[in-house]
Amino acid sequence: MREVQIRQYHLRYDDNQIDSYFDKSNERLAFIAGSNLLLAVDIDNEELTFHPNGGDYVSIEEIDSTHYELKSDF
């Protein structure tokens with residue numbers, strides 16, 4: 001498992017299944033499995049926002065108000 005942080009939010013994921021890329025200047029994260037974009041995450045109006053909101057390829061589990069776990073559905 002690996003954990004990445006965007007502001008006060010922590011996102012944990014299995015780095016054997018999912019890769020992450022961070023655009024620090026725009027505070028955006030992308031999570032990818034193989035050639036498939038699973039999820040993009042950014043801050044909108046000071047709140048963590050998921051694009052798309054889960055979708056068919058990834059499940060998002062809220063641990064608490066600042067910690068999340070992502071699970072690939074592949």
Side-chain angles (χ1 to χ4, degrees):
M1 294 295 271
R2 183 172 184 174
E3 186 172 289
V4 292
Q5 182 175 350
I6 181 171
R7 292 197 192 174
Q8 73 270 26
Y9 301 102
H10 300 261
L11 297 105
R12 187 171 48 190
Y13 64 96
D14 182 348
D15 58 343
N16 289 320
Q17 291 185 314
I18 302 173
D19 294 314
S20 71
Y21 299 93
F22 184 53
D23 178 354
K24 189 174 183 178
S25 62
N26 291 312
E27 294 186 312
R28 289 188 180 130
L29 287 162
F31 293 95
I32 298 171
S35 61
N36 297 301
L37 175 63
L38 302 178
L39 183 70
V41 180
D42 64 7
I43 303 292
D44 185 33
N45 293 322
E46 302 301 316
E47 292 188 19
L48 191 67
T49 306
F50 299 98
H51 311 276
N53 189 10
D56 296 331
Y57 303 116
V58 67
S59 300
I60 305 165
E61 180 181 344
E62 183 176 8
I63 308 300
D64 62 34
S65 63
T66 59
H67 290 81
Y68 298 84
E69 186 167 328
L70 308 177
K71 295 182 181 174
S72 173
D73 294 336
F74 280 104

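Because the structure is a prediction, the values reported are computed rather than measured. When reading the values below, keep in mind they use all heavy atoms of this one structure, side chains included, and skip hydrogens, waters and symmetry mates.
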Please tell me whether Phe50 and Tyr68 form a close aromatic pair, meaning their ring centres lie under 6.0 Å apart.
yes
If hydrophobic clusters are built by linking Ile, Leu, Val, Met, Phe, Trp and Tyr wherever their side-chain heavy atoms come under 4.5 Å apart, do Ile6 and Leu37 end up in the same one?
no
What's the shortest heavy-atom distance between Asp42 and His51, and which atoms?
OD1-NE2, 3.0 Å
Nearest-0.5 Å distance, CD of residue Glu69 to CD1 of residue Ile60:
12.0 Å
Could you grab the distance from atom CD of Gln17 to atom CG of Leu38, nearest 0.5 Å is fine?
9.5 Å
State, with a plain yes or no, whether a side-chain heavy atom of Lys71 is found less than 4.5 Å away from one of Glu61.
yes
Looking at Gln5 and Arg7, would you say the former's side chain and the latter's main chain have a donor-acceptor pair under 3.5 Å?
yes
For the backbone of Arg28 and the side chain of Asn26, can you confirm whether one donor and one acceptor N or O come within less than 3.5 Å of each other?
no
Taking the side chain as every heavy atom from C-beta outward, state whether Tyr21 and Ile32 have any pair of such atoms under 4.5 Å apart.
yes
To the nearest 0.5 Å, what is the distance between CZ (Arg2) and CG (Asp19)?
9.0 Å
Would you name the heavy atoms of Ser20 and Tyr13 that are closest together and state the gap between them?
OG-OH, 2.8 Å
Would the distance check show the side chain of Ser25 and the main-chain N or O of Asp23 forming a donor-acceptor pair, the cut-off being under 3.5 Å?
no
Distance, nearest 0.5 Å, that separates OH of Tyr9 from CD of Glu47
6.0 Å
Output yes when a side-chain donor or acceptor of Asp64 lies under 3.5 Å from a complementary backbone atom of Thr66, and no otherwise.
yes
Please test Ile63 against Arg12 for side-chain contact (heavy atoms from CB on, under 4.5 Å), starting from the C-alpha separation and ending with a verdict.
CA-CA 10 Å; Ile63 308 300; Arg12 187 171 48 190; 4.2 Å; yes
Passes side-chain contact (heavy atoms from CB on, under 4.5 Å), Thr49 versus Val41? Steps please.
CA-CA 6 Å; Thr49 306; Val41 180; over 6 Å; no
Looking at CG of Asn16 and CE of Met1, how far apart are the two atoms once the value is rounded to the nearest 0.5 Å?
10.0 Å
Under 6.0 Å from the CD atom of Gln8, do we count more than 12 heavy atoms belonging to anything else shown?
yes
